[in-house]
Amino acid sequence: MREIFAGLPWWVKWIAVPVIALVVFGSVIATVVGFVVLLLFKVLLFVALVGGLIYVVRKFMSSSSSRGDW
């Protein structure tokens, strides 16, 4: 493989080949990046919802315990 690239100009190695790779595999790369972003968003949403639930439960428990029996 190195012998093939050795005789080529620099712009073929550093511009043409990556552009061709992006054209061929661009949809795969976009799908993977989109999946990772969606997964990260869902994880952050889950953490925020669980944190909010814990906050509300602790707030409710502390306010009900301070009132005593009713």
Side-chain angles (χ1 to χ4, degrees):
M1 194 64 151
R2 288 189 180 212
E3 297 97 22
I4 295 172
F5 281 114
L8 296 175
W10 67 269
W11 59 269
V12 173
K13 291 186 264 188
W14 297 106
I15 297 174
V17 173
V19 166
I20 292 171
L22 281 175
V23 168
V24 172
F25 298 109
S27 61
V28 175
I29 294 169
T31 303
V32 170
V33 169
F35 175 74
V36 169
V37 169
L38 182 65
L39 186 65
L40 181 63
F41 174 74
K42 287 186 177 188
V43 167
L44 289 174
L45 181 65
F46 175 75
V47 168
L49 289 174
V50 170
L53 178 66
I54 291 171
Y55 175 77
V56 167
V57 168
R58 285 188 178 177
K59 198 75 158 168
F60 177 74
M61 296 296 284
S62 68
S63 66
S64 66
S65 66
S66 65
R67 282 189 265 162
D69 288 330
W70 34 280

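Residue numbers start at 1 and run along the sequence shown. Keep in mind the model is a prediction, meaning the values are calculated, not measured.
Residues meeting the side chain to side chain contact (heavy atoms under 4.5 Å, CB included) test with Pro9, sequence neighbours left out: Trp11, Val12. Looking at residues two or more places apart in sequence or on another chain, you find a side chain to side chain contact (heavy atoms under 4.5 Å, CB included) between Trp14 and Trp10. Partners of Leu22 under the side chain to side chain contact (heavy atoms under 4.5 Å, CB included) rule, at least two apart in sequence or in another chain, are Ile29. With sequence neighbours left out, the side chain to side chain contact (heavy atoms under 4.5 Å, CB included) criterion links Phe46 to Val50.
Summarising the geometry, atom CD1 belonging to Ile15 is positioned 12.0 Å from atom CD1 belonging to Ile20; distances are rounded to the nearest 0.5 Å. Distance CG/Leu38 to OG1/Thr31: 12.0 Å, rounded to 0.5 Å.
Phe25 is connected to Val37 through a chain of hydrophobic side-chain contacts under 4.5 Å among Ile, Leu, Val, Met, Phe, Trp and Tyr, so both are in one cluster. Under the 4.5 Å side-chain heavy-atom criterion for grouping Ile, Leu, Val, Met, Phe, Trp and Tyr, Val47 is not connected to Leu44 through any hydrophobic cluster.
Think of Leu39 as one node in a network of Ile, Leu, Val, Met, Phe, Trp and Tyr side chains linked at under 4.5 Å; its network also takes in Phe35.
Within the 4.5 Å cutoff, no side-chain heavy atoms of Leu49 are placed close to those of Leu53.
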